Amino acid sequence: MKSVAVIDYGMGNLHSASKALAFADNNIKVNVTAKAEEILAADHVVFPGVGAIRDCVGEIRRLGLGEVVKEAAQTKPFLAICVGMQCLMTHSEENNGVDCLDVYPGEVKYFGDDLKSSDGSKLKVPHMGWNQVSQTLSHPLWKGIEEGARFYFVHSYYVEPKDASLVAGESEYPLPFASALAKDNQFSVQFHPEKSQKSGLALLKNFVNWDGQS
Amino acid sequence: MGLAKRIIPCLDVDKGRVVKGVQFVDIRDAGDPVEVAKRYDEQGADEITFLDITASHEGRDTTVKTVERIASQVFIPLTVGGGIRKVEDIRAMLNAGADKVGINTAAVFEPEFVKEAAERFGSQCIVVAIDAKKVSQPGEANRWEIFTHGGRKPTGIDAVEWAIKMAAYGAGELLLTSMDQDGMKNGFDLGVTRAISDAVNIPIIASGGVGNLQHLADGVTKGKADAVLAASIFHFGEYSVQEAKEFMSDQGIEMRL
């Protein structure tokens with residue numbers, strides 16, 4: 001039985017992520033943990049996150065998990081979700097500027113306060129609800145998921161990697177932004193697969209069955 | 001292509017049982033919130049809101065267990081409202097698997113609680129519920145006030161100003177219920193919905209008064225709501241969530257179909 005570690009650094013609703021993984025594939029053992037040895041012993045690692053980035057990065061550092069996250073990201077199928085994804089960038093504009101883990105050179109940026117859609121109507125921030133994801137790369141994690149499928153988002157900041165070839169999924173609000181990144185054995189999503197019904201469960205199932213090769 | 005407007009069925013739950021008679025003919029236990037939530041999930045609900053009307057403290061443990069059961073089987077966002085007064089109440093619901101909590105009366109009596117909650121858990125999980133009632137007379141400029149105790153007690157607080165304040169305090173979303181319209185089936189109060197949606201930059205959920213599918217569509221097109229919440233039109237099987245989404249989509253509203 002494959003083991004999946006969900007990194008628990010005290011931020012967010014880990015119940016949902018672990019239940020959704022277990023529901024998506026009943027052939028795995030899900031372990032919600034902050035212990036370095038358990039994270040590094042797992043076959044697959046999920047790095048979730050919600051809330052403010054200063055608190056997330058602060059807790060990761062306080063628990064000494066920064067290097068563990070980086071090592072897991074180098075060595076096994078690795079899925080970062082929402083603020084987890086943002087933590088992988090170099091720096092975020094949120095909370096007056098926060099240095100992140102710098103796995104991917106790039107910035108986390110604010111959507112802005114006066115967003116308008118193409119028809120002139122106001123776009124609210126946070127970007128909250130079901131938006132379409134265009135699959136800009138073919139990838140094993142998109143298997144069986146329709147192009148343009150909707151996923152559930154809730155965030156006010158988005159990632160902008162320096163290397164645009166990492167972008168695996170793109171959404172619009174109103175301008176295009178990276179809603180998924182892929183590199184080697186790493187996949188990151190801005191949306192919440194654990195809250196995105198069938199499409200989200202399909203992505204999680206693809207992840208736990210992924211060998212880390214793109 | 002872009003962000004879809006949301007439909008949110010709302011369940012009233014007392015001691016772990018759905019009240020206000022949900023009537024699905026083909027459901028085994030229409031009193032079980034898990035069964036009902038699963039049904040709405042299958043119909044394409046974009047989120048589910050669960051209003052806990054349990055009065056007793058012991059009953060709250062049942063609520064936590066119910067939230068855990070729903071969150072283990074239904075993988076769409078879940079908001080829990082009712083009786084959220086302390087940071088510990090929020091933590092208990094989030095740990096059980098809720099994604100957001102609704103704060104109502106506690107926000108009115110202690111606005112700083114909203115600030116504290118947003119700082120502690122993030123704005124994305126803090127929904128402030130606003131119960132508003134029109135207080136201006138015919139012929140006067142429209143004015144709405146915040147009411148508590150199920151619409152019985154006026155507070156003297158202007159609803160639009162209150163919405164602006166709650167957004168500034170860190171609310172991630174506002175659930176606006178028109179107390180004049182609630183249960184009347186005449187549609188949302190589009191005036192207050194639009195006034196608040198125009199005044200703040202966070203999403204607004206319109207609630208109270210839905211009697212047909214046109215009311216839902218009007219909440220979005222005329223009230224500028226980002227999401228619409230309804231209970232009885234879905235509970236009694238008059239319309240399915242799927243039918244409501246198709247109806248709204250036919251009127252040019254972007255929906256997740």
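In what follows, every heavy atom counts, from backbone to side chain, and hydrogens, waters and symmetry copies are set aside. Because the structure is predicted, anything quoted here is derived from the model rather than measured. Numbers restart at 1 for each chain; the letters A, B, ... are given by sequence-line order, proteins then strands.
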J.: For A:Y9, enumerate each residue passing the ring pair (Phe, Tyr, Trp, His ring centres under 6.0 Å) test, keeping only those at least two apart in sequence or located in another chain.
T.: A:F47
J.: Determine whether a donor-acceptor pair (N or O, by modelled atom type, separation under 3.5 Å) exists between the side chain of A:W142 and the backbone of A:G169.
T.: no
J.: Heavy-atom cut-off 4.5 Å, strictly under: side chain, backbone, both or neither for A:D113 against chain B?
T.: both
J.: Taking A:D43 for its side chain and A:S3 for its backbone only, find out whether a donor-acceptor pair lies under 3.5 Å.
T.: yes
J.: Quick check on A:L201 against chain B: is it the side chain, the backbone, both or neither that has a heavy atom closer than 4.5 Å?
T.: side chain
J.: Using ring-ring contact (aromatic ring centres under 6.0 Å, His included) as the criterion, point out the one residue from A:Y158, A:F191, A:Y152, A:F177 that pairs with A:H127.
T.: A:F177
J.: With B:D226, which residues qualify under salt bridge (charged side-chain N to carboxylate O under 4.0 Å, His left out), at least two apart?
T.: A:K124, B:K5
J.: Go through the atoms of B:D198 and report whether side chain, backbone, both or neither lie under 4.5 Å from a heavy atom of chain A.
T.: backbone
J.: State which residue, out of A:F111, A:Y110, A:Y173, fulfils the ring-ring contact (aromatic ring centres under 6.0 Å, His included) condition with A:H155.
T.: A:F111
J.: Which of residues 167-174 of chain B have a heavy atom under 4.5 Å from any heavy atom of chain A?
T.: B:G172, B:E173
J.: Please list every donor-acceptor pair under 3.5 Å in which a side-chain atom of residues 25-33 of chain A meets a protein atom from a residue at least two apart or in another chain.
T.:
residue	atom	partner	partner atom	Å
A:D25	OD1	A:N27	N	2.8
A:D25	OD2	A:N209	ND2	3.0
A:N31	ND2	A:E38	OE1	2.8
A:T33	OG1	A:K35	N	2.9
A:T33	OG1	A:E38	OE1	2.9

J.: Taking the inter-plane angle between the rings of B:H235 and B:Y40 on a 0 to 90° scale, is it parallel (under 30°), tilted (30 to 60°) or perpendicular (over 60°)?
T.: tilted
J.: Report which part of B:R6 has an atom under 4.5 Å of a heavy atom belonging to chain A: side chain, backbone, both, or neither.
T.: side chain
